[in-house]
S.K.: 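Handing you this structure, nothing more for now.
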Amino acid sequence: MKKTTRGMDIIIVGGGLVGGLAACALAKRGHRVRVYEYRSDIRIKEARGQSIDLSLSYRGRQALKLIDLEDKIVNHHGISMRGRMLHGKDGSLKEMIYDSVKKNTLYSVSRLYMNQVLLDAADEYPSVTLFFNHKLLEADLDNGKLKFSKTNTQEVIEVEADLIIGADGAHSTVRKMMLKRPGFDFSQTYIEHGYVELNIPPRMIDEKNPERGHEFCMSSNHLHIWPRGTFMMIAMPNDDHSFTGNIFAPLDILNGLDTPKKVIDFFTEQFPDVVPLIGSHQTLVDNFFMVKPKSLISIKCNPYHMGKSIILGDAAHAMVPFYAQGMNAAFEDVVILNELMDLYNEDMSKVLPAFSKKRCADAHAICDLAMYNYIEMRELVLKKSFLMRRTIDTF
Ligand code: FAD
């Protein structure tokens, strides 16, 4: 790739969290950006995504700061979680503060809200155009050519760019194009565990006086964890005073809960304090069967660039969610790309290899840490020695 003295024409595949953030960061640098997203516009019609809320840490906040959105997202919308609240089977509670010295906290933020804010912010740049209902079919990475199908009409269009950014998630099509090329290493691991999302509704402040409104049914300043050895449940607070719970368990167990009775018995035995919070047995059952258990994947590859293209976020390093760093690390990719563009004065022939060199080893390490925390949260979380050492950057 040649050094560019003018703004580049950049195509970002994927208008998720990373696509939205990267569009803002690159437009801010003076480039022309087109974002092609498979789904319809989530600002108009909500699509049910991977998870409802996300834990935002220092890494992620630095990226939002880069595009001047930290204040809007964190201070106006984030719910501070200062530590973990561990729930024993006997109903006992144990608090673990993340950072009692500097008082840093994690923030629970709605995925939908954050994605909407990022797309709105991107839309405000005259040099950004967003295209929805466009699915990438294939790409010529050396020549910057891409083929999309319009999902509404099936029409196929061909477009060209100076730089292609694959921000198209764990099952990235841009990465599939890279896979065909010599020198591209790739591995993926599906773990034994999957997850089911559950809603824990707010409770009425005063049952006799509904006008007094609702409140959280547990402390809103904690990430709640029910560690149970081979499986666990977590819950994070939402803006509307509800919690989103996720039960992570071997798919054999989750798929085995195939009748209402099995679900009720399992929850009554394992999470007795959660059942009354969810409401009636029927609500629990309806909640549980709403969506099939989903699987979890960890992906490593090297390098992250090929020809005129680069992959960022889950496309490059999807990880299991137990370190709560998937999005945070993905956001950090954009910060690093931005720094390297500063360093090499937008000379992409230097920026892209430098990105792979700097990022692959770190991202692989975060994937490994996430996998390690997968065991730690379920088991070690109850061990005394572990309670002594926590860092702020994890669940
Ligand atoms: P995505 O969010 O997957 O976005 C990719 C976009 O590309 C999508 O909009 C998709 O429609 C689009 N796309 C895909 N294919 C195509 C195509 N062919 N053409 C056009 N567009 C396409 N991370 C955290 O930091 N903190 C957490 O607390 C946390 N919790 C999690 C909980 C769960 C249960 C899971 C599964 C993940 C969690 N993560 C968390 C990880 C986080 O969700 C991801 O790391 C993050 O969504 C990655 O963003 P992305 O933009 O790279 O990918």
Side-chain angles (χ1 to χ4, degrees), residues 11-23 34-42 47-61 63 78 81 106-112 114-116 118-119 130-139 146-151 164-177 191 193-198 223 233-236 244-248 291 293-299 311-334 363 366-367 370 373-374 393-395:
I11 285 183
I12 299 179
V13 184
L17 296 170
V18 174
L21 177 75
R34 281 166 285 164
V35 179
Y36 288 89
E37 164 57 43
Y38 176 40
R39 295 175 297 175
S40 52
D41 190 343
I42 52 153
R48 211 181 148 92
Q50 289 160 302
S51 61
I52 290 175
D53 43 24
L54 295 159
S55 161
L56 178 72
S57 72
Y58 179 77
R59 270 199 182 91
R61 285 170 53 195
M81 299 185 292
L106 298 175
Y107 289 88
S108 173
V109 184
S110 145
R111 177 192 288 274
L112 178 67
M114 197 153 30
N115 208 161
Q116 287 172 334
L118 289 168
L119 291 176
L130 306 176
F131 300 89
F132 296 95
N133 303 306
H134 280 69
K135 180 182 183 187
L136 177 69
L137 300 176
E138 55 186 76
L146 304 101
K147 246 185 218 176
F148 288 93
S149 130
K150 293 188 184 180
T151 55
I164 299 170
I165 296 190
D168 49 346
H171 303 285
S172 164
T173 303
V174 177
R175 191 186 64 231
K176 276 182 199 137
M177 300 294 125
I191 59 167
H193 280 58
Y195 68 100
V196 172
E197 214 162 68
L198 295 169
L223 174 89
M233 177 162 160
I234 66 166
M236 291 205 282
T244 301
N246 272 298
I247 163 156
F248 295 100
V291 184
K294 293 183 200 159
S295 53
L296 293 166
I297 195 169
S298 178
I299 283 171
I311 45 176
L312 303 178
D314 276 15
H317 45 68
M319 60 193 77
V320 294
F322 307 108
Y323 205 52
Q325 282 302 312
M327 168 199 64
N328 289 297
F331 278 6
E332 194 179 48
D333 287 352
V334 178
I366 301 176
C367 287
N373 227 33
Y374 162 48
D393 237 18
T394 79
F395 268 159

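Start at 1 and go down the list; that is how both ligands and their atoms are numbered.
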S.K.: From atom 51 (O) of ligand 1, work out which of Val13, Val18, Ile297, Leu312 has a heavy atom at the shortest distance.
M.R.: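 It is Val18 whose heavy atom sits nearest to atom 51 (O) of ligand 1.
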
S.K.: Going by the order shown, which atoms of ligand 1 are within less than 4.0 Å of some heavy atom of Tyr36?
M.R.: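 Atoms satisfying the 4.0 Å criterion: 20 (C), 21 (N).
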
S.K.: Does Tyr38, at its OH atom, have more than 12 non-hydrogen atoms belonging to other residues, nucleotides or ligands within less than 6.0 Å?
M.R.: no

S.K.: Nearest 0.5 angstrom please: Leu54 CG to Leu112 CG, how far?
M.R.: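 Answer for the CG-CG pair, Leu54 versus Leu112, is 11.0 Å.
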
S.K.: Closest by any non-hydrogen atom to atom 5 (C) of ligand 1: pick that one out of Ala324, Ala167, Ala370, Gly14.
M.R.: Ala167

S.K.: What are the atoms of ligand 1, with element, lying closer than 4.0 Å to any heavy atom of Gly326?
M.R.: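 Under 4.0 Å from Gly326, ligand 1 has these atoms: 23 (N), 24 (C), 25 (O), 41 (C), 45 (O).
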
S.K.: At a 4.0 Å cut-off, with the gap strictly under it, does some heavy atom of His171 reach an atom of ligand 1?
M.R.: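 No, His171 has no heavy atom closer than 4.0 Å to ligand 1.
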
S.K.: Go through it in stages, so that I can follow the logic: the residues are Leu146 and Ile11, the test is side chain to side chain contact (heavy atoms under 4.5 Å, CB included), and I'd like the CA-CA distance, side-chain angles, deciding distance and then a yes or no.
M.R.: CA-CA 9 Å; Leu146 304 101; Ile11 285 183; 3.7 Å; yes

S.K.: Just go through Arg39, Arg111, Glu37, Met114 and tell me whose heavy atom is the nearest to atom 47 (O) of ligand 1.
M.R.: Arg111

S.K.: So between Asn328, Asp314, Asp168, whose heavy atom ends up nearest atom 45 (O) of ligand 1?
M.R.: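 Looking at heavy atoms only, Asp314 sits closest to atom 45 (O) of ligand 1.
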
S.K.: Hey, mind stepping through Gln325 and Ser57 against side chain to side chain donor-acceptor pair (under 3.5 Å) and telling me if it holds?
M.R.: CA-CA 8 Å; Gln325 282 302 312; Ser57 72; 3.2 Å; yes

S.K.: Taking non-hydrogen atoms only, is Leu136 closer than 4.0 angstrom to ligand 1 via side chain, backbone, both or neither?
M.R.: both

S.K.: Looking at His134 and Phe132, would you say the former's side chain and the latter's main chain have a donor-acceptor pair under 3.5 Å?
M.R.: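 Between the backbone of Phe132 and the side chain of His134 there is a qualifying donor-acceptor contact (under 3.5 Å).
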
S.K.: Looking only at N/O atoms, are Leu296 and ligand 1 under 3.5 Å apart anywhere?
M.R.: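 Min N/O separation from ligand 1 is not below 3.5 Å for Leu296.
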
S.K.: Give the intermediate values and the outcome of side chain to side chain contact (heavy atoms under 4.5 Å, CB included) for residues Arg34 and Phe131.
M.R.: CA-CA 7 Å; Arg34 281 166 285 164; Phe131 300 89; 3.7 Å; yes

S.K.: What do you reckon, does Lys294 put a non-hydrogen atom under 4.0 Å from ligand 1?
M.R.: no

S.K.: Please confirm whether Asp53 comes within less than 3.5 Å of ligand 1 when only nitrogen or oxygen atoms on both sides are compared.
M.R.: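 Between Asp53 and ligand 1, no N or O pair is found under 3.5 Å apart.
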
S.K.: Between Asn246 and ligand 1, find which residue part has any heavy-atom pair under 4.0 Å and reply side chain, backbone, both or neither.
M.R.: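 No part of Asn246 is near ligand 1 at this cut-off.
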
S.K.: Classify the contact between Phe148 and ligand 1 as side chain, backbone, both or neither, using a heavy-atom distance cut-off of under 4.0 Å.
M.R.: neither

S.K.: Would you check, one step at a time, whether the test side chain to side chain contact (heavy atoms under 4.5 Å, CB included) holds for Leu56 with Arg61?
M.R.: CA-CA 7 Å; Leu56 178 72; Arg61 285 170 53 195; 3.8 Å; yes

S.K.: Could you walk me through whether Asp333 and His317 pass the side chain to side chain donor-acceptor pair (under 3.5 Å) test, one step at a time?
M.R.: CA-CA 10 Å; Asp333 287 352; His317 45 68; 2.7 Å; yes

S.K.: Between Ser295, Gly169, Ala139, Ser172, flag the one that comes closest to atom 1 (P) of ligand 1 by a heavy atom.
M.R.: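 That would be Gly169.
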
S.K.: Quick check against the 3.5 Å criterion: does Asp41 have a side-chain atom that pairs as donor or acceptor with the backbone of Leu130?
M.R.: no

S.K.: Using a 4.0 Å cutoff against the non-hydrogen atoms of Gly313, which atoms of ligand 1 qualify?
M.R.: 52 (O)

S.K.: Relative to the heavy atoms of Met327, which atoms of ligand 1 are at a distance of less than 4.0 Å?
M.R.: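 Atoms satisfying the 4.0 Å criterion: 23 (N), 24 (C), 25 (O), 41 (C), 42 (C), 44 (C), 45 (O).
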
S.K.: For Glu37, does its backbone N or O pair with a side-chain atom of Asp168 as donor and acceptor, under 3.5 Å?
M.R.: no

S.K.: Within the side chain of Ser172, is there an N or O that forms a donor-acceptor pair under 3.5 Å with the backbone of Ala315?
M.R.: no

S.K.: Heavy atom of Leu17 under 4.0 Å from ligand 1?
M.R.: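 It does; at least one heavy atom falls under 4.0 Å.
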
S.K.: Determine, stepwise, if the pair Glu197 / Thr244 fulfils side chain to side chain contact (heavy atoms under 4.5 Å, CB included).
M.R.: CA-CA 7 Å; Glu197 214 162 68; Thr244 301; 3.5 Å; yes

S.K.: So which bit of Ser57 gets within less than 4.0 Å of ligand 1, heavy atoms only: side chain, backbone, both or neither?
M.R.: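 For Ser57, no heavy atom sits under 4.0 Å from ligand 1.
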
S.K.: For ligand 1, does Pro321 get within less than 4.0 Å through its side chain, its backbone, both, or neither, judged by non-hydrogen atoms?
M.R.: side chain

S.K.: For Gly16, counting its heavy atoms only, list the atoms of ligand 1 lying under 4.0 Å from any of them.
M.R.: 4 (O), 6 (C), 9 (O), 51 (O)

S.K.: Is the backbone N or O of Gly60 less than 3.5 Å from a side-chain atom of Glu332, with the two atoms forming a donor-acceptor pair by type?
M.R.: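 Not a single qualifying donor-acceptor pair exists.
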
S.K.: Before signing off on this row, confirm whether Lys135 and ligand 1 have an N or O atom pair separated by under 3.5 Å.
M.R.: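 N/O-N/O distance under 3.5 Å: no.
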
S.K.: What atoms of ligand 1 come within less than 4.0 Å of a heavy atom belonging to His134?
M.R.: 19 (N), 20 (C)

S.K.: Counting heavy atoms only, which of Asn133, Leu54, Leu223, Leu56 is nearest atom 29 (C) of ligand 1?
M.R.: Leu54

S.K.: Flag the pair Phe322 / Phe248 as yes when their ring centroid distance falls below 6.0 Å, and as no otherwise.
M.R.: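 Between Phe322 and Phe248, the centre distance is under 6.0 Å.
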
